[in-house]
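In what follows, a single structure is set out as structure tokens and then discussed.
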Amino acid sequence: MSNQQRSRTFRLVSGVVAVIGAAAVLTGCGSGTDGKVINLYNAPQENLGQIVERCNEMADGDYHIRLNTLPRDADGQREQMVRRLAAADSGMDVLGIDVTWTAELASADWILPWPDDVRAKAEEGVLEAPLTTATYEDELYAAPYNTNVQLLWYRTDLMPEPAQTWDELVATAQRLEEEQKPHHVEVTGAQYEGLVVWFNSMVAAAGGAILNKEGDAVELGQPAVEALEDMRDFARSPAANPSMSNTQEDQARLAMENGSSFAQINWPFVYASMVANRPDIAENFAWAPYPGIDGPGNAPLGGANFAVSAFSEHPEESFEAALCLRDDESQLMAAVNDGLPPTIESVYADERMADPYPMRDAILEALETAVPRPVTPVYQNVSTVTSALLSPPADIDPIEAERKLASQLADALESKGVLP
């Protein structure tokens, strides 16, 4: 993740800093009004303050949103939020939550279901995939703010036609290695959420799932074995960077920008960064659907939504504030300035999206088959045991790993034997 703000010639580039956790900490806005203060807690987003200012102007003194910035890393964000909610802290109103937290916070009664009138507004025009991330047990618990999918990003001068499968990527890497050309494909193989994201999509590509739809039982089985075989084989192939077991999103981005790789699996923020940092490579920088096992795969689904704390002293104003923070204009601002793909479909057609999002049609197409991570109140447990057991990918024994993972996930669903 970037710790600096760089001068950019491309408007979307500020989104690189935002999406990968910019170090810039946004200070809370002073109220300057007699209206009620609505405390917004959100991950670092470089230009969120502009959206807050717009919504405060629209509130016309009825309330005033104060922006509070959470830690840069997702674990730190969740820890701070969960501790304060567990203490019934009334100082939190609108919460920017990762898509994997919805079930956990809703099942704990820490966030409020959206009343019918504001629910209809929050759902209007929203794409189906991001809408599912804000829903739990048929109730809407958050307003979809931004979504995300991973794509295959590649150099057309090294791979003229994009690979559709992981085997094709490996075959291309073998050819490029023989030609003494950049032959690595960057993936998030470190022991963290990125490894779980990769595994989850691989299991889906094999026709299976980690958990059942209800999120209360382990599935895995033969599809997981097949997924693990492909991950291990990739990790042992010429396509794998020797540092793959330590690679997260930003390391993958940088490796391709320094010219050592011909492809990467990553989120759309890498496009703006490549255009700004390596215009010579950007001339041949393209995107394609997420690779699968027998053909194009299922892209990982990411994003963030706005929920309202169950302990807010101003729930009505908090719902209204959240609606403004994620309306079509706010989402357009977040997309153009901070690189966050919108959840409202009509925003993609706005002419202001053309330059920063040349891949917008690919994002929309990927969202149609994108695979969410398991929906369960104990997702953090699931993620922890999965990333630990599958690291490093090159050492995976597929059959044994599936057996151990099934057992450990069964315990994780009951919160047994999982480190906090």
Side-chain angles (χ1 to χ4, degrees), residues 15 18-19 40-43 45 47-48 51-52 54-55 65 70 74 77-78 81 93-106 110-150 197 267-269 299-309 318-350 353 357 360 363-375 379:
V19 173
L40 164 64
Y41 281 80
N42 201 74
Q45 180 185 331
N47 295 285
L48 182 56
I51 296 175
V52 169
R54 169 180 172 267
C55 290
I65 304 169
L70 293 167
Q77 294 163 20
R78 176 184 169 277
M81 197 171 287
D93 298 296
V94 178
L95 313 175
I97 64 172
D98 186 272
V99 294
T100 63
W101 302 345
T102 306
E104 176 185 9
L105 302 186
W110 287 341
I111 54 177
L112 296 173
W114 282 57
D116 290 342
D117 55 339
V118 288
R119 173 174 181 166
K121 295 178 182 178
E123 293 179 338
E124 185 177 1
V126 174
L127 292 157
E128 182 178 355
L131 187 59
T132 63
T133 69
T135 307
Y136 180 63
E137 295 185 341
D138 298 323
E139 292 276 4
L140 185 75
Y141 279 94
Y145 173 46
N146 64 75
T147 189
N148 226 340
V149 287
Q150 289 187 354
V197 165
W267 309 97
F269 78 92
L301 179 63
N305 306 318
F306 287 128
V308 173
S309 169
S318 295
F319 282 120
E320 289 300 320
L323 282 175
C324 180
L325 291 166
R326 46 74 56 205
D327 67 14
D328 53 358
E329 185 62 27
S330 291
Q331 289 200 26
L332 180 63
M333 293 170 66
V336 173
N337 296 326
D338 285 329
L340 302 176
T343 64
I344 298 174
E345 185 171 11
S346 61
V347 178
Y348 287 85
D350 192 288
M353 288 282 288
Y357 275 86
R360 62 191 183 282
I363 293 174
L364 287 170
E365 184 176 348
L367 283 170
E368 294 178 2
T369 58
V371 56
R373 276 152 283 178
V375 178
Y379 178 76

### Task
I would like to know whether Leu95 and Trp101 meet side-chain contact (heavy atoms from CB on, under 4.5 Å); could you show each step before the answer?
CA-CA 11 Å; Leu95 313 175; Trp101 302 345; over 6 Å; no
### Task
Drop me the distance from Phe269's CZ to Asn148's CG, to the nearest 0.5 angstrom.
9.0 Å
### Message
Any non-hydrogen side-chain atom of Ile344 less than 4.5 Å from a side-chain atom of Arg326?
### Response
yes
### Task
Could you tell me whether Glu365 atom CD has more than 12 heavy atoms of other residues or ligands within 6.0 Å of it?
no
#### Entry: Nearest-0.5 Å distance, CD of residue Glu124 to CG of residue Asp327
11.0 Å
### Task
To the nearest 0.5 Å, tell me how far Tyr141 OH sits from Glu104 CD.
14.0 Å
### Main-chain N/O of Leu70 paired with Tyr41 side-chain donor or acceptor, under 3.5 Å
no
### Query
Is any side-chain heavy atom of Tyr357 closer than 4.5 Å to a side-chain heavy atom of Val347?
no
### Task
Evaluate the side-chain contact (heavy atoms from CB on, under 4.5 Å) criterion for residues Tyr145 and Leu325: first the C-alpha distance (whole Å), next the side-chain angles of each, then the deciding distance (0.1 Å), finally the verdict.
CA-CA 8 Å; Tyr145 173 46; Leu325 291 166; 5.8 Å; no
#### Entry: Asp117 atom CG, neighbour heavy-atom count above 12 within 6.0 Å
yes
### Message
Using only atom types and a distance under 3.5 Å, with no angle test, would you say the side chain of Asn146 pairs donor to acceptor with the backbone of Ala304?
### Response
yes
### Summary
d(Lys121 NZ, Glu320 CD) to nearest 0.5 Å is 5.0 Å
### Message
As a quick check of understanding, evaluate side-chain contact (heavy atoms from CB on, under 4.5 Å) for Val94 and Ile65, giving each step before the final call.
### Response
CA-CA 9 Å; Val94 178; Ile65 304 169; over 6 Å; no
### Message
I need the Ser309 OG to Ile97 CD1 distance, nearest 0.5 Å.
### Response
11.0 Å
### Message
Any side-chain to backbone donor/acceptor pair from Gln77 onto Gly96? Under 3.5 Å, distance only.
### Response
no
### Query
Is there a side-chain contact between Leu301 and Leu367, using heavy atoms and a 4.5 Å cut-off?
yes
### Task
Answer yes or no: is there a donor N or O on one side and an acceptor on the other, between the side chain of Gln331 and the main chain of Thr343, under 3.5 Å?
yes
### Query
For atom CD of Glu329, is the number of surrounding heavy atoms from other residues, nucleotides or ligands below 6.0 Å larger than 12?
yes
### Query
Only one of Thr133, Thr102, Asp98 forms a side-chain hydrogen bond (donor to acceptor under 3.5 Å, both in side chains) with Asn305, so which one is it?
Thr133
### Task
Could you please spell out the steps behind the side-chain contact (heavy atoms from CB on, under 4.5 Å) verdict for Asn47 and Met333?
CA-CA 8 Å; Asn47 295 285; Met333 293 170 66; over 6 Å; no
